[in-house]
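Have a look at the structure below before the remarks.
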Amino acid sequence: MALDLGSASRKPDGMPHDHHDHDHPHSHLPPDPALRVKALETILTRKGLIDPAALDEIIDIYQNRIGPKNGAQVVARAWADPGFMHALTEDATAVIAEMGFYGRQGEHITAVANTDDTHNMVVCTLCSCYPWPLLGIPPGWYKSDAYRARAVREPRKVLADFGVSLPEDTAVRVWDSTAEMRYLVIPQRPAGTEGMSEEDLAALVTRDSMIGTGLPREPGQ
Amino acid sequence: MALDLGSASRKPDGMPHDHHDHDHPHSHLPPDPALRVKALETILTRKGLIDPAALDEIIDIYQNRIGPKNGAQVVARAWADPGFMHALTEDATAVIAEMGFYGRQGEHITAVANTDDTHNMVVCTLCSCYPWPLLGIPPGWYKSDAYRARAVREPRKVLADFGVSLPEDTAVRVWDSTAEMRYLVIPQRPAGTEGMSEEDLAALVTRDSMIGTGLPREPGQ
Amino acid sequence: MTRVHDMGGRFGDGPVDPAPDEPVFKEDWHARALAVTLAAGALGQWNLDTSRHARERLSPKDYARFSYYEKWMAGLADLLVEKGVLDESDLTGQGDGSRHPLADRALKPDAVAAALAKGGPADRPSNVAPLFVAGQAVRTRRPSANALVDGGHTRLPAYAAGARGHILRLHGTHVLPDTNAHGLGEQPEPLYAVAFPASELWAHPEHPRDEVILDLWQSYLEPA
Amino acid sequence: MTRVHDMGGRFGDGPVDPAPDEPVFKEDWHARALAVTLAAGALGQWNLDTSRHARERLSPKDYARFSYYEKWMAGLADLLVEKGVLDESDLTGQGDGSRHPLADRALKPDAVAAALAKGGPADRPSNVAPLFVAGQAVRTRRPSANALVDGGHTRLPAYAAGARGHILRLHGTHVLPDTNAHGLGEQPEPLYAVAFPASELWAHPEHPRDEVILDLWQSYLEPA
């Protein structure tokens, strides 16, 4: 049986009361989402707790500097170099860090390679965990209730929403990101890409193909 | 293992598609609840499918004729007559029907009597099933998310919301009405009611005491 | 859980408001909503299990934001269209208002009291023999789900899926909601009251002797 | 389920919209919401598990109606008050605007890139020895719940509670969210990838060889 600290009578740090909507502190903020953010930013800025220029910097990083191009470089190298592919599936965190991709929401990475036998797909049913240093900020659909609810139960029907259909004898492995391990799907290398450079290969690697809801582009597509 | 009719590929009668909010037919009705009801009533009336006078009659019955006074008569008789109490706990449906209480949402009744040892409490976590012929239309709180969610897990905390506290050595039995059986709680007869008439006893029986979220009134209270 | 209506045991809902002086119908439209639903049900185009499922399969966002009778109204509108009684143009006010073929079945005022008093009992003769006796240990199936229809109606709450309890009593043989909600027949089978220790259902039960009793169909259960 | 965020396997949510041309931040306020949250987190008054729990314990109605970044904003406002960084008068605009004692810790623009690149690894040395080896059959605890704090944070989804799977690999020893979210320490313990056949989780699996893999802490598991 599980340890019980007598939680019914104590209130550990950070333990919530369960309140009605209107009892939560957030209900004091303006209801309009944009005004709500603005209000919070203003309050925190006035007190010196946040610096608007730091916010600009955070946004610039995730808007312009960190995104699926990072992950695509990893996949392209794995396609081009069997030794790298092997090292990647053994200890992705280390080899990806060597490529310079590491940081918040990407401290622990596992790479899972698709085969004819098995297709991999990544979700976070409990929130929206995602490998930020490799893929950037998760797209809206990844954070949607529909994806979180359905991906684990009916991955093929979800793939159909993306226009993807798998061969009948391909099994699906859905990775639910319940801890701090982040998953990168290595899609299968498209046919007709023999001899292509890593850079050209990387251009075929779509964001969705690294989540498992898409397939890479065909060359010339 | 359970029988499988191959549901993935067939669509039995009445099986839903799961749609976005806006794809449900109801989204064509006015958003305001009162206007929504009015619209539906008007459409159905114009086509002769419902008769507004029949609606008035339904409302009159549940507003004025069927309510907790019915259940209170049953409880009072059980308090006054040990033979009736015995018969009631053996086959409530039959003896309650003999008193004239039967009908929609009360076709199958089980009476559960509180003792010093055990307090009974009724909920329907999946919708809001309730013994209509005995207690009328369920109160708002019975239909609330908070009651449905919490009554099974923390009945004492819910009782505290009603100002009720139980002796420490009294166990709680929560009856979740998951089928067509409806439950009537027979509260303990209050002290100091010896020799009172059934009618006077019935006046002590509150609606909530027959759901298990309240206790009967004390005489003179 | 199968759907968002299956909320037993959920955290976060805040206090219950006993509102002791609340009238039977807090708003006039509550009364009309109840009456319209009952009168439309009397047309005989669906059963109680179907109408419960119609409310359950509102989108999670709608289910969460709608009040009780709003769920009833939305479920009713969806059912009326799904069963072909109305079409969507009727709901937008563009339908024709001529007499409906089902109008002969409309509930008349003088038939209301008798219809409500008659009710709709759910016990039926069945050739399914009871497998369990009072006192016997059973385990519920896991996950809680309709075994026949993916996402279909079922009455095993998720909080009790895979839980061990014991048979308290046999209620007789009752219509199976899992089939009846979907036009797959009444398929009556034994229905039991099953008692579960609170400690089997919750990580932090309030009292060592607390129990939760559920009414469960035989096909939801296996010997434990 | 413990809370409404635990939606894996739920029915009724409709199609996924792949929206292929959506920008990184669909609205300007999405970008600001993300940045405010990260910058406020840098004050060091809570950890990631605490902030996840702050979003999870929004009321079910709020959780259902709020968009993603609205949940972030609401969770952040609640945390700021709960941790005493702000008080409610600040949120209503009646607070004083003088420099805050924590202002020295404010994230500076030139420290942003390094802070994001540094991240916050969750692996820690632990004196809890691994009990399971790859290939071993395990069963998850049921119900899914925080064993220490009633209604507390946990990372075992309800859909996998009480399910039988097998150990795929050991990830090392990681901070336990169930304690870390509540100021009860990091209590690192072995974390495993555990594979479950889809048929163990769903009544109607799509394919006989489908699997769902979850990362689960040792205390969530027992030998099966």
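Note that the structure is predicted; figures quoted are calculated from it, not measured. First the proteins, then the strands, lettered A, B, ... as listed; each starts at 1.
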So which part of A:Leu126 gets closer than 4.5 Å to some heavy atom of chain D, the side chain, the backbone, both or neither?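 For A:Leu126, the contact with chain D is made by backbone and side chain together.
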What part of A:Asp60 lies closer than 4.5 angstrom to a heavy atom of chain D: side chain, backbone, both or neither?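 Neither; nothing under 4.5 Å.
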Contact part of [X] toward chain A, heavy-atom cut-off under 4.5 Å: side chain, backbone, both or neither?
X        : value
D:Asp123 : both
D:Lys118 : backbone
D:Tyr69  : side chain
D:Leu107 : both
D:Ala33  : both
D:Arg52  : side chain
D:Leu58  : both
D:Pro177 : neither
D:Trp217 : side chain
D:Ala54  : neither
D:Val212 : both
D:Tyr63  : side chain

Within the side chain of [X], is there an N or O that forms a donor-acceptor pair under 3.5 Å with the backbone of [Y]?
X        : Y        : answer
D:Lys108 : A:Ala53  : no
D:His207 : A:Glu168 : yes
A:Thr125 : D:Met7   : no
A:Asp176 : D:Leu214 : no

Just so I understand: if I count every heavy-atom pair under 4.5 Å between each of [options] and chain A, which residue has the most?
options                               : answer
D:Ser67, D:Gly119, D:Pro205           : D:Gly119
D:Pro23, D:Ser98, D:Ala74             : D:Ala74
D:His100, D:Lys26, D:Arg32, D:Arg99   : D:Arg32
D:His171, D:Glu22, D:Glu56            : D:His171
D:Ala106, D:Ala160, D:Ala77, D:Pro121 : D:Pro121
D:Gly95, D:Ala115, D:Gly120           : D:Gly120

Closest-packed option against chain D by number of heavy-atom pairs under 4.5 Å, given [options]:
options                               : answer
A:Thr45, A:Thr178, A:Thr42, A:Val158  : A:Thr178
A:Ile58, A:Thr206, A:Ile137, A:Ile61  : A:Ile58
A:Glu41, A:Arg156, A:Glu180           : A:Arg156
A:Asp169, A:Thr93, A:Leu35, A:Thr213  : A:Asp169
A:Asp51, A:Asp145, A:Ile66, A:Thr170  : A:Asp145
A:Gly48, A:Gly136, A:Ala149, A:Gly103 : A:Ala149

Cationic tip of A:Arg153 within the cone over D:Phe11's six-membered ring, i.e. under 6.0 Å and within 45° of the normal?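 Ring-cation test returns yes.
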Counting a contact as any heavy-atom pair under 4.5 Å apart, which residues of residues 160-167 of chain A contact chain D?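 A:Asp161, A:Phe162 fall under the 4.5 Å cut-off.
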Give a yes or no on whether a salt bridge exists between D:Arg209 and A:Asp117, defined as a side-chain N under 4.0 angstrom from a carboxylate O.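 Yes, D:Arg209 and A:Asp117 are salt-bridged.
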Lys/Arg-Asp/Glu bridge criterion (N-O < 4.0 Å) met for A:Arg150, D:Glu206: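 No, A:Arg150 and D:Glu206 are not salt-bridged.
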In Å, rounded to the nearest 0.5 Å, how long is the span from [atom1] of [X] to [atom2] of [Y]?
X        : Y       : atom1 : atom2 : value
A:Lys143 : D:Trp72 : NZ    : CH2   : 7.5 Å
A:Cys127 : D:Leu48 : SG    : CG    : 8.0 Å
D:Asp96  : A:Lys47 : CG    : NZ    : 4.5 Å

Does a side-chain heavy-atom distance below 4.5 Å link [X] with [Y]?
X        : Y        : answer
D:Leu80  : A:Leu44  : yes
A:Leu40  : D:Leu91  : yes
D:Arg155 : A:Cys129 : yes
A:Thr110 : D:Arg169 : yes
A:Val152 : D:Leu201 : no
D:Leu168 : A:Arg173 : yes
A:Pro31  : D:Glu70  : no
D:Leu116 : A:Tyr62  : yes

Smallest separation among heavy atoms of D:Asp210 and A:Pro155, with atom names: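 The answer is OD2-CG, 4.2 Å.
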Parallel, tilted or perpendicular: which describes the rings of A:His108 and D:His174, with under 30° parallel and over 60° perpendicular?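 Tilted.
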Crowded around A:Asp91 CG? As in, over 12 foreign heavy atoms under 6.0 Å?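 More than 12 within 6.0 Å, yes.
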